[in-house]
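Written out below as structure tokens is the structure these notes cover.
Every chain is numbered from 1, with letters handed out A, B, ... down the list of sequences.
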Amino acid sequence: MSLHVPTMAEMMAKGESPEILFWVGCSGSFDDRAKKITKALVKILNECKVNFAVLGAEENCSGDPAKRAGNEFTFQMQAMMNIQILEGYDVKKIVTACPHCFNTLKNEYPELGGNYEVIHHTQLIQELINQGQLALKGGGTYKGKKITFHDPCYLGRANDVYDAPRELIKKLDGELVEMKRCKTKGLCCGAGGAQMFKEAEKGDKEINVERTEEALETNADIIATGCPFCNTMMTDGLKSFNKENEVEVLDVAELIANAADL
Amino acid sequence: MVSIAVFAIISLAGFGFFAWNILKIRSNIRLGRDLDRSDRRSERWKTMALVALGQKKMFTRPIPALLHLAIYAAFVITQIELIEIVVDGLSGEHRTFREALGGFYTFMVSFIEILSFLALIATFIFLARRNLLKLPRFNMKEMKGWPKMDANLILFMEIILVSCIFTMNGADEVLYNRGLSHATDLGDGSLGLSVSSYLGPLLFDGMSDGTLHTLERIGWWGHIAMVFSFLNYLPYSKHLHILFAFPNTYYSNLEAKGRFTNMESVTTEVKLMMDPTADPYAAPAEGAAEPQRFGAKDANDLTWKNLMDSYSCTECGRCTSSCPANITGKLLSPRKIMMDTRDRIEEIGNNVRKHGKDYDDGKSLLGDFITEEEIWACTSCNACVQECPVNIDPLAIIVDLRRYLVMEESKMPTELAGMLTNIENNGAPWQFSPADRLNWKDEA
Ligand code: SF4
Ligand code: SF4
């Protein structure tokens, strides 16, 4: 099945405007693992006939890593450029599969003049399922599987979204198992605050190893998450335990797309 | 008469010195930068009621929360008894309110006694926990020396205080039984207090009338002496939190935790850069504030709320024990960030008072107290902010220190410099061309 991914520019040329903009983000656009998450979400959007569009080549880094690294100049340059583009297309509602883009667009753009309704993809998918637009085929995709959810810091503590991803996992035919540190007490994967782009400081353990260890203690078959960075960190963590063939790291969007047979 | 005078002098000195110290702290906090937290009043009161008064966040760890509650409740309720002590002290009366309040008086003092008794038990458990159990969060590097002593001292003070209360009430009970108490005899044969009516006779029954009178006075004076020592010890101690928890939670950040502050000085410049009609050589507007340094190098570059945070810190270490960087052995400890900030602003405040506003002692928060290695280890995960029982935000300080390093000194880990260049050049933190953004669409 080919994906239907209109860009804002194409839509505008046709005199149309989408209901919602899918902000793909840099990871979702360029990182091989994250691209799969992007596609899973698009499949869901296509299946539900959501009227959406992407910015494509006009999208720019949201500026999140620059802001966390302390470079407010670079951040604000990025933000203002993006706001100009979003304004040009009169964007009102945005969905993103990256909690970092989500947080920045939602909380940090308004002060610079960018006001949108911003939602995380797990919230949108939950909405679609609740409205009956997406049906999960109880084909036993996850039957008997244990799934644990790793809270992305920028979704959980930063924005108090704990339920949407869990509600989705509960709709699968697997079992949701929680780690000892979860929800408000969830331990970071180690990537936030621009750490993704640098080596960690000297210590006696990598943060992602500590977190993966905890996930493995639940005996989960799948580590679910809702952030491309967490995904990378947990995947690397599994490798350090040589468990990459036994345990899978999947985004909630991928879990749902699989369960809906998309 | 002499005792009234002594009491009056002690009280005046006690309250006076305390007020002087608090004003000093207030002026230190005002060395910080402006920040507007005058909005959303009702939400602020609510936050204060829940977090400071209701200790909501303590209860994520229920056992210490209950023990702490016992000490806290005893502390708050005992202050009611203090009113009587002050009235008695200044009037030379004894148990002034007993006759007027009758049964309610007995109830109140009994209630205080029960709480004090619970507080005593809690204090012993806390002492054991700190000194015998070797809980990691109480034994980290930054807790060595004074901070550890501070924590123990206050627990000892608590024990002395409670012992004084029971000595005072217990001895008075025995005297009352003998019809010798200075409290008005209501013909009921006992003061009827919940703990000391039993404890008193048990401990003091065989003693002479004179000894009992002395003991009662030792208890009374000891009690008031402890109260004033405690009050004046507060400004030097982590125990300042019992007062500062209230304003500090009132002025909490009410925005989403993920939202970092917007730097308006930068906004102005970026707007100028993006506006083709702007005159880059235009003189700054009349009355425009002097440009501030970007971010924070020293404690007085932080906001007053960051500084108030530092004075409110209880050094409990909940932040540090939930910090992913600290858990995995990195140097960063959010508690240490708060302790350093307080130490440094104290130092700056003292310098300002001694040598005037522009004195430079050649030291700064970043460098002499907090190292670059510490601040770069932070993942901005907000665990410390979430855990803090008095709504302190160590992350805000870390971010401001980073801002200074990056924007004023261009100092950062090389990989981050590369990441930033990528964002500036090709709109992504990696070296990919913007034209390739949609390639995923057609990849199998
Ligand atoms: S925000 Fe930074 S300092 Fe606070 S817990 Fe997370 S890593 Fe530690
Ligand atoms: S910042 Fe808060 S959590 Fe951390 S030590 Fe201080 S009071 Fe405790």
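Residue contact with chain B, scored on non-hydrogen atoms closer than 4.5 Å, involves the side chain of A:Asp160 exclusively. Interface remark: A:Asn71 contributes backbone and side-chain atoms alike to the contact with chain B (heavy atom separation under 4.5 Å). Both the backbone and the side chain of B:Trp376 come within less than 4.5 Å of a heavy atom in chain A. With a 4.5 angstrom heavy-atom cutoff, B:Thr414 does not touch chain A via any of its atoms. If you measure heavy-atom distances from B:Pro413 to chain A, the contacts under 4.5 Å come from the side chain alone. Interface remark: A:Ile207 contributes backbone and side-chain atoms alike to the contact with chain B (heavy atom separation under 4.5 Å). If you measure heavy-atom distances from A:Val54 to chain B, the contacts under 4.5 Å come from the side chain alone. Only the side chain of A:Arg181 comes within contact range of chain B, with heavy atoms under 4.5 Å apart. Neither the backbone nor the side chain of A:Thr104 comes within contact range of chain B, judged by heavy atoms closer than 4.5 Å. Neither the backbone nor the side chain of A:Phe102 comes within contact range of chain B, judged by heavy atoms closer than 4.5 Å. Contact annotation for B:Ala377: both backbone and side-chain heavy atoms come within less than 4.5 Å of a heavy atom of chain A. Within the 4.5 angstrom heavy-atom criterion, only side-chain atoms of B:Met419, from C-beta onward, approach chain A.
Residues B:Pro434 and A:Asn60 are not in side-chain contact: their nearest non-hydrogen atoms beyond the backbone lie 4.5 Å or more apart. A heavy-atom distance below 4.5 Å is not found between the side chains of B:Glu374 and A:Glu201. A 4.5 Å side-chain heavy-atom check between A:Phe197 and B:Glu415 finds every atom pair outside the cut-off. Counting heavy atoms from C-beta on, the side chains of B:Met273 and A:Met80 never come closer than 4.5 Å.
For the set B:Ala428, B:Pro324, B:Gly418, B:Ala435, the entry with the most heavy-atom pairs within less than 4.5 Å of chain A is B:Pro324. The choice from A:Arg211, A:Lys202, A:Glu210 that makes the most heavy-atom pairs within less than 4.5 Å of chain B is A:Lys202. Each of B:Cys323, B:Ser322, B:Ser433, B:Gly258 has some count of heavy-atom pairs under 4.5 Å with chain A, and the biggest count is that of B:Gly258. Chosen from B:Ile398, B:Asn382, B:Thr60, B:Asn426, the residue pairing most often with chain A at heavy-atom distances under 4.5 Å is B:Asn382. Between chain B and the options A:Glu108, A:Glu58, A:Met81, the largest number of non-hydrogen pairs under 4.5 Å is found for A:Glu108. Here B:Lys257 is the residue among B:Lys257, B:Glu255, B:Glu264 with the most heavy-atom pairs under 4.5 Å with chain A.
The structure places CZ of B:Phe432 at 13.0 Å from SG of A:Cys61, a figure rounded to the nearest 0.5 Å. For the atom pair B:Asn262 CG and A:Glu111 CD, the distance stands at 4.5 Å (nearest 0.5 Å). Atom NZ of residue B:Lys441 and atom NZ of residue A:Lys35 lie 14.0 Å apart, to the nearest 0.5 angstrom. Here the CZ-CG distance, from B:Arg259 to A:Asn159, works out to 10.5 Å after rounding to the nearest 0.5 Å. The line from OG1 of A:Thr38 to CG of B:Leu438 is 10.0 Å long, rounded to the nearest 0.5 Å. The distance from the CE atom of A:Met77 to the CD1 atom of B:Ile423 is 12.5 Å, given to the nearest 0.5 Å.
For the pair B:Lys330 (side chain) and A:Lys205 (backbone), a donor-acceptor distance under 3.5 Å is present. In terms of modelled atom types and a separation under 3.5 Å, the side chain of B:Thr379 and the main chain of A:Gly192 share no donor-acceptor contact. A donor-acceptor pair under 3.5 Å is formed between the side chain of A:Arg157 and the backbone N or O of B:Cys381.
In B:Tyr251, the OH atom is not crowded: 12 or fewer heavy atoms of neighbouring residues, nucleotides or ligands sit closer than 6.0 Å. The number of heavy-atom neighbours closer than 6.0 Å to NZ of A:Lys36, taken from other residues, nucleotides and ligands shown, is 12 or below. Within a 6.0 Å radius of CG in B:Asp39, other residues, nucleotides and ligands contribute more than 12 heavy atoms. Annotation for B:Lys56: atom NZ does not count as buried by contact number, only 12 or fewer foreign heavy atoms lying within 6.0 Å. More than 12 non-hydrogen atoms from other residues, nucleotides or ligands lie less than 6.0 angstrom from CD of A:Glu178. Under a cut-off of 6.0 angstrom, the local environment of NZ in B:Lys134 is crowded, with over 12 non-hydrogen atoms contributed by other residues, nucleotides or ligands. Atom CD of A:Glu213 has more than 12 heavy atoms from other residues, nucleotides or ligands within 6.0 Å.
Taking the six-membered ring wherever Trp is involved, the centroid distance between the rings of B:Trp440 and A:Phe30 does not fall below 6.0 Å. The distance between the ring centers of A:Phe73 and B:Phe294 falls below 6.0 angstrom.
By the 4.0 Å N-to-carboxylate-O rule, B:Arg437 lies close enough to A:Glu59 to be salt-bridged with it.
A donor atom on one side chain and an acceptor atom on the other are found under 3.5 Å apart for A:Thr74 and B:Glu424. There is no side-chain donor-acceptor pair under 3.5 Å between A:Glu206 and B:Thr328.
Shortest non-hydrogen contact noted between A:Gln195 and B:Arg402 is NE2-NH2, 3.8 Å. B:Leu416 approaches A:Ala69 most closely through the heavy-atom pair CD1-CB, 4.2 Å. The two residues B:Gly427 and A:Cys26 make their nearest non-hydrogen contact at O-SG, 4.0 Å. Across B:Thr261 and A:Lys67, no two heavy atoms sit closer than the pair O-NZ, 3.0 Å.
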| field | Criterion side-chain contact (heavy atoms from CB on, under 4.5 Å) on B:Glu269 and A:Gln76, from CA distance to verdict | value | CA-CA 10 Å; B:Glu269 291 198 28; A:Gln76 291 200 10; over 6 Å; no
| field | Criterion side-chain contact (heavy atoms from CB on, under 4.5 Å) on A:Lys39 and B:Glu443, from CA distance to verdict | value | CA-CA 10 Å; A:Lys39 284 190 244 181; B:Glu443 290 167 8; 4.0 Å; yes
| task | Take A:Ser29 and B:Trp430 through the test side-chain contact (heavy atoms from CB on, under 4.5 Å) and record every step on the way to the result. | result | CA-CA 11 Å; A:Ser29 303; B:Trp430 303 286; over 6 Å; no
